[in-house]
Undergrad: 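Structure provided below as structure tokens; questions to follow.
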Amino acid sequence: MGGMDAIIEEFLAESVENLDQLDQDLVSLEKNPSDREVYGRIFRTVHTIKGTCGFLAFGTLESVTHIGESLLGRLRDGEMELTPEITTDLLGLIDAVRAILGNIDATGAEGDEDYSALVARLQSHDDSASGKKPKPKRATKKSAKKTAAPKAKVKAKATATNGATQATKKVPKATPEVALPPKTGPGDSENENENLELTSAPAVAETNIRVDVRVLDHLMNLVGELVLARNQLVQHLATSPDPHLASSSQRLDSITSELQEAVMRTRMQPISSIWRKLPRFTRDLALRFGKEVEFEMEGEETDLDKSVIEAIKGSLLHLVRNSVDHGIEAPDVREAHGKPRAGKLRLRAHHEGGNVVIEVRDDGGGLDHERIVARAVKAGLVSEELSANLNHTTIEELIFQPGFSTASEVTNISGRGVGLDVVRTNVESLGGSIDLQSERGQSTTFRVKIPLTLAIVSVLLVRADDHRIAIPQASVVELIRVERDGGKAEIEDLGGVPVYRLRGKLLPLVFLDRELGVAENYSTDGKANIIVLQGDDRQFGLVVAGVEDSQEIVVKPLGRLLSGLPFAGATILGDGQIALILDVFRLGLAAGVVSETRVHTAATQISNAVKARTKTERLVCLQGEDGERLAIDFDQVSRLEYFPRTSLEQVGHQLVVQYGDEILQLIELQKTLPERRKEARNPSDHAKTDTVPVIVCTVKGRRVGLVAHRIADIVDEDLKARRSASRDGVRGCAVIRDQVTEILDLEALIQLADPSFFERPADQE
Amino acid sequence: MPKQFCTFHVGDLFLGIEVERVQEVIRDSDITPVPTAPPWVRGLINLRGQIVTAIDLGTRFGKTDRDDESSTVLVLDVGSTLLSFVVDRAGDVVEVNDESFEPPPDTLKGEARRLIRGTYKLQKRLLLVLDVEQALEIDAATVGDRKPRDYPGQE
């Protein structure tokens, strides 16, 4: 009995592998229907399955594969031509075989599904072929029109048997290439076929063996240990006077390194192991959406760690789905835009440093910014007012926001409310990143960057008492060394919360030793290190006693018993000691500097996300009445509001507006900034619009509103090209988007408008 | 059928685990403490590249008379992972007969009663059989919340 089980197991493993190949072969056949070798391969696979299952007494499987084999035989021998209908049914056959094999694997039996409809359809194809056997001989040089005849026949037959598939009508539209006659004469190479069958037999299989991943993991562990032992030995022998010993140790050294690399490689797999499924997947999608899609892949041989491949699979499928569904337009629309009917979907993978970059590119319509903004407003991700002033980057960020993908567009495949936000979360959890480039009307490219392997992470080692803690470099924003006490009190206490003023922003601080409950053991020179960390969407500073080193480490899981702690895992350092890997988010959560429920507005989330990846300054650009450009630091802006002009009130010499429960003092930029030109402004200009854009700012804990003519944009700019100020109330000038822009100095501006503003208590108004 | 037990001492307790469950005994293991961990976790050990949690059996039994400095561990294969128990001292492997098995004595109190599956009468003394699964079945209710801080997401 055991022997039988082993045979079945082997049969399953072999068949499943072959089926994946079949999917790919059938789709490629549609493009190039004359590839005899491929026919031969498909035929052989189905034939093998049929033969084996007859022997193992799987009746259903045998009956399904039998008819498939017969049909494929005819196709191979050129007795009939491949039509989209036949391809669909053959793919259906493969699905059926896969389902049955799945049942056998799970239960040992074939299952009760009824495949008679499929068998009948395949039979009808087979019959129609035998009825017109001599035909293909003449089809050689005929145009596409001619070949439409047998296709029509097939369709009629199929409909007669059982209503056929609903897809039938869409099929010719989706893949017109298959209607072309084969380039080589179908009947003229029978002998050649036989030869091919013999010569192109599976040579690959003999150089491969299947290995359990656990075995590889074990090997990897052992090699890690060997490396440690080698390190100790080499260190020891470096001082040895014996030259033989020294040379042996050198050899051992290099061999161990090589071995380590080789073992690492065993875990690598080419990305084609997941891409293989994509041509079929895309074809099915295209059919369902009534699109025409040409699928291209480049860099299939790019190697990735097995675990990364598994983890990235779902996201990749999602991106492809997204491109076919939302990216590539319907054929008629494409034609109207002067593009070929068939859209192009291109996958590209390559190595870049220690990362792998995977690109999913379609030549579809690109992102429709208006629609995205409209949908974001509807979903409540941005306010109506703000939405008019979003720049491109921000808009493109929107599609990654949770809740952006709405259920209103539920199709069979995408739009289930699970959107790109999930993809991004997934990619980021692997230590990678995703971004996109889109050109309106031309293309959309998603670019996923992931580390080669999950097992190895770059960390910063820090000290807390005598514990060594590893912090993932991905979370580290920057390092600051400060006086702990001493003259300048750089660490301030804000209502019991320690903070550090980092470039004018308050950074909440967490003390690592206090969080871990270990002894405070700082160096005696009164210095402390602050590591600025990115925990979720907030930054905070981690105060540590000492920073040791940056290292590449192998992450090992902590057992179930330690799952609740602020550690993501542990690692073994070069000296054999264990270091714990900090879970930054959880630590921040426990210390109360990162909030679990994301209550922030989408705007701040987006700005943070953008900020995290760009080291630029973010500015709100305003337009003055004279068309001059002004800008204000985004960090000082609390909100952008539009007030009806009638709601503004003049109280004494101040302009105010009711804002929630408070009265907001307004500063009119035009009146406040020193005039540069001689003529007085025409005040009627000012009263043209019904609403007044107001930038609500917070300065020293107090709010003030700036009245601008127009809020132009929010930009992220590298403000290198900067000049000194030319008038009061202005911090300096910079070129932003090719325009000279004055950057406002808020405090100076308030001083100009209302010299006593900061002296009055806040609640006076 | 005679059974073999790997014996060890925790405080005044003389305990045993079926010998086939014990993968190895390590004296003088290097245990790295884990800050914020519950008190019954002594730390982590590096077992040939694998990181193994060391559970302090003395704390688990609520023993005060145990050897705090001991670094002798018994490594156990518990299904998918390895775990280890820190004990005061490892003893010999003893052979016992099923006939001499008895339920835990009434004199055992508290946590110890839950952790002992039964006893074997040896010539000179009683061997208490440790219930490994119970010893690993640790939740806040039985051990008490002695963590320095509650970490969210803890089940």
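Predicted model only: the values in this text are computed from it and were never measured. In what follows, chains carry the letters A, B, and so on, assigned in the order in which the sequence lines appear, proteins first and then strands, with residues in each chain numbered from 1. All values below were derived from every heavy atom in this structure, side-chain atoms included, with hydrogens, water molecules and symmetry-related copies excluded.
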Undergrad: Should we say atom CG of B/Asp28 is surrounded by more than 12 heavy atoms from elsewhere, each under 6.0 Å from it?
TA: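 It does not: B/Asp28 CG has 12 such atoms or fewer within range.
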Undergrad: State, with a plain yes or no, whether a side-chain heavy atom of B/Val34 is found less than 4.5 Å away from one of A/Leu558.
TA: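 A side-chain contact under 4.5 Å is absent here.
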Undergrad: Got more than 12 heavy atoms from elsewhere within 6.0 Å of CZ, B/Arg125?
TA: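 Result for CZ/B/Arg125: enclosed.
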Undergrad: If I measure from the heavy atoms of chain A, does B/Leu82 come under 4.5 Å with its side chain, its backbone, both, or neither?
TA: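 Answer is neither: B/Leu82 stays 4.5 Å or more from chain A.
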Undergrad: More than 12 heavy atoms of other residues, nucleotides or ligands under 6.0 Å from CZ of B/Arg89: yes or no?
TA: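 No, because the 6.0 Å sphere around CZ of B/Arg89 holds 12 heavy atoms or fewer from other groups.
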Undergrad: Is there a donor in the side chain of B/Asn46 and an acceptor in the side chain of A/Gln577, or the other way round, less than 3.5 Å apart?
TA: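 Their side chains do not contain a donor-acceptor pair, so the 3.5 Å distance test is not met.
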Undergrad: Counting heavy-atom pairs under 4.5 Å with chain A, which one of B/Thr32, B/Val41, B/Ile45, B/Asp30 comes out on top?
TA: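 Answer, by heavy-atom pair count under 4.5 Å with chain A: B/Thr32.
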Undergrad: With rounding to the nearest 0.5 Å, note down the distance linking CG in A/Leu580 to CD1 in B/Ile51.
TA: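 CD1 of B/Ile51 is found 8.0 Å from CG of A/Leu580.
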Undergrad: Assess whether atom CD of B/Glu20 is packed by more than 12 heavy atoms of other residues, nucleotides or ligands within 6.0 Å.
TA: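 Atom CD in B/Glu20 is crowded, with more than 12 foreign heavy atoms closer than 6.0 Å.
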Undergrad: Is any side-chain heavy atom of A/Asp465 closer than 4.5 Å to a side-chain heavy atom of B/Pro35?
TA: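 No, side chains not in contact.
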Undergrad: Can you tell me which of A/Val518, A/Leu562, A/Leu222, A/Ile469 forms the most heavy-atom pairs within a distance under 4.5 Å of chain B?
TA: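 Answer, by heavy-atom pair count under 4.5 Å with chain B: A/Leu562.
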